[in-house]
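For reference, the structure is listed below as structure tokens.
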Protein chains: 2
Amino acid sequence: MDNNFTENLKKAGYKITKPRLVLLGLLCKAKHPMSVKEIVKSIGSKKINQVTVYRILTAFKKAGIIAQVDFQAGCAYFEVRDNGDHHHIICTECKKVEDFVGCDYDALSNEALKQSNDFKKVMHHSFELFGICNTCILKQS
Amino acid sequence: MDNNFTENLKKAGYKITKPRLVLLGLLCKAKHPMSVKEIVKSIGSKKINQVTVYRILTAFKKAGIIAQVDFQAGCAYFEVRDNGDHHHIICTECKKVEDFVGCDYDALSNEALKQSNDFKKVMHHSFELFGICNTCILKQS
DNA sequence: TTGACAAATGCAACTAATTTGCATTAAGAT
DNA sequence: ATCTTAATGCAAATTAGTTGCATTTGTCAA
């Protein structure tokens, strides 16, 4: 996986730097998508600058190494891209996140392209389910 | 549709006010999801306050009247919820939006719930495709 | 190796999105 | 018509994300 990453970055013309390795290492072992705030907190603001995190994430996104996920929670989240194509179910109350698989992306994007007259290519997609987790259901009156 | 809206709002304990009617009218005739900026610009900042727009959108969302859509474009977008379950394909370059249909939401959310141990209910979902439109493809070197 | 060059980083300051507090206004029930 | 409470508007605050510029550090070629 590390090899893969280094290659991807180089292929895209990016340098392999210490902050990038640290950030990718973090995202690789993360169990859920992380926000910039969480990333900086986890690495330590003395070891990496917030602005650098934003810029690295932008580079990783362009290189196809990570994906951005929107939980309608006020900021963007990021995770390493796996081809296994998993998605998320998010608790709208406490923002807990769980993964699930089973989105037939290929069929859907083909169908969408068939319907479209302005698009000929789909690069990526997002699919999120919003629900209430068992803990938060109990809290509701 | 207007009746439906009024009922939904009342059912949720919300008052029917002039700004709400204006905002809903706008979203109903909109061809694509709108951002707060676009909404205020369209209605006119003398006729409705930006903060009011945010609060109305929050209320509408809770009442299930509108849906929030994330185009990874720096701000949230909103559209009236139709049960027809359409989705969007967005140009990552120029942010052009097109609709498409064909997401088997019921099957997918059932499948996700089956896989989950912490969730028993899905309220809504998001599904977006990110691509490059024909115009922007030509612009690329 | 070693230096040169460009790209990457850090810091400070900035812009844009969204939220909060509080005084005023206006639905809608009585 | 009046009263109560939610909704609105304005100002100010907070938070996410961006930009400019000086400094550092990979990388590549000698």
Side-chain angles (χ1 to χ4, degrees), chain A residues 2 5-26 33-63 65-78 92 95, chain B residues 2-3 5-26 33-63 65-66 68-78 92 95:
Chain A
D2 207 10
F5 152 71
T6 304
E7 268 171 37
N8 281 347
L9 259 196
K10 280 188 178 163
K11 213 178 297 172
Y14 292 116
K15 289 181 178 172
I16 310 304
T17 68
K18 197 169 295 184
R20 287 177 176 174
L21 289 172
V22 173
L23 177 32
L24 186 78
L26 177 63
M34 298 184 79
S35 68
V36 170
K37 209 181 188 177
E38 290 169 342
I39 290 169
V40 171
K41 192 176 176 189
S42 174
I43 298 179
S45 60
K46 302 110 205 155
K47 302 193 78 181
I48 199 168
N49 189 279
Q50 194 190 34
V51 175
T52 304
V53 172
Y54 275 107
R55 292 198 266 228
I56 291 179
L57 290 172
T58 303
F60 281 7
K61 235 174 84 173
K62 271 193 196 149
I65 294 166
I66 62 170
Q68 178 176 340
V69 187
D70 290 297
F71 293 157
Q72 306 197 349
C75 64
Y77 287 75
F78 301 88
T92 53
K95 312 297 176 192
Chain B
D2 207 9
N3 300 331
F5 152 68
T6 305
E7 269 169 38
N8 281 348
L9 259 196
K10 280 188 179 164
K11 213 179 298 171
Y14 292 117
K15 289 180 180 173
I16 310 303
T17 68
K18 196 168 295 184
R20 286 176 178 176
L21 291 171
V22 172
L23 177 32
L24 186 78
L26 177 64
M34 296 183 79
S35 68
V36 170
K37 209 180 188 178
E38 291 170 340
I39 290 168
V40 171
K41 192 175 176 189
S42 174
I43 297 180
S45 61
K46 302 107 206 159
K47 300 193 81 181
I48 200 167
N49 189 281
Q50 196 189 33
V51 175
T52 303
V53 171
Y54 275 106
R55 291 199 266 229
I56 291 178
L57 290 172
T58 302
F60 282 7
K61 232 172 88 174
K62 272 192 195 151
I65 294 166
I66 62 169
Q68 178 177 339
V69 188
D70 290 296
F71 292 156
Q72 306 197 350
C75 65
Y77 286 76
F78 301 88
T92 53
K95 310 301 174 189

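Owing to the predicted nature of the structure, the values given are computational and were not obtained by experimental measurement. Proteins come first, then strands; the chains are lettered A, B, ... in the order of their sequence lines, and each starts at number 1.
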**OP:** Using a 4.5 Å cut-off on heavy atoms from C-beta on, say whether the side chain of A/I16 contacts that of A/K10.
**Re:** yes

Here the pair of heavy atoms bringing B/P33 nearest to B/Y77 is O-CD2, 3.5 Å

What one should report as the nearest heavy-atom pair of B/R20 and B/K15 is NH1-O, 2.8 Å

A/V40 and A/Q50 have their tightest heavy-atom pair at CG2-CA, 3.9 Å

In whole angstroms, the gap separating P of D/dA16 from CG of A/D70 amounts to 14 Å

Determine whether the aromatic ring centres of residues B/F5 and B/F60 are separated by less than 6.0 angstrom. yes

Which part of the nucleic acid, if any, lies within reach of B/R20 when heavy atoms closer than 4.0 Å are counted: base, sugar-phosphate only, or nothing?
sugar-phosphate

Whole-Å distance, B/Y14 OH to D/dT8 C1', equals 15 Å

Numerically ordered, the residues 45-54 of chain A set in heavy-atom contact under 4.0 Å with DNA chain D is A/V51, A/Y54

Between A/Q72 and A/K95, the two heavy atoms sitting closest are O-NZ, 3.8 Å

5'-most contact on DNA chain D (nearest-nucleotide basis), A/K10 vs B/G74, goes to B/G74

Scanning both residues in full, the closest heavy-atom pair of A/Y14 with A/A63 reads CE1-CB, 4.2 Å

On DNA chain C, more 5' by nearest nucleotide between B/K18 and B/C75 is B/C75

A/L57 CG to D/dA16 P, in whole Å, measures 14 Å

- When all nucleic acid strands are considered with a 4.0 Å heavy-atom cut-off, which category describes A/A76: base, sugar-phosphate, or nothing? sugar-phosphate

Per-helix bend value, the helix from C/dT1-D/dA30 to C/dT30-D/dA1, C1' rotation axes over five pairs per end, 10° rounding, shows 50°

Bounded by its outermost nucleotides with an atom under 4.0 Å from a heavy atom of chain B, the footprint on DNA chain C reads C/dA17 to C/dG28

Worksheet item: Do the side chain of B/K15 and the base of D/dT5 come within less than 3.5 angstrom through a donor-acceptor pair of N or O atoms?
Response: yes

Assign each of A/G13 and B/T58 the nucleotide of DNA chain C bearing its closest heavy atom; nearer the 5' end lies the nucleotide of A/G13

Kindly indicate whether the side chain of B/I48, heavy atoms from C-beta on, has any atom under 4.5 Å from the side chain of B/V22. no

*Side-chain donor or acceptor of A/T58 paired with backbone N/O of A/Y54 under 3.5 Å*: yes

note: A/K11, atom NZ; D/dT27, atom P; distance rounded to Å ~ 16 Å

Minimal heavy-atom distance between A/L23 and A/I43, with the atoms involved, is CA-CD1, 4.1 Å

request  = Measure the shortest side-chain to side-chain distance between B/V36 and B/C75 over non-hydrogen atoms and say whether it is less than 4.5 angstrom.
outcome  = no

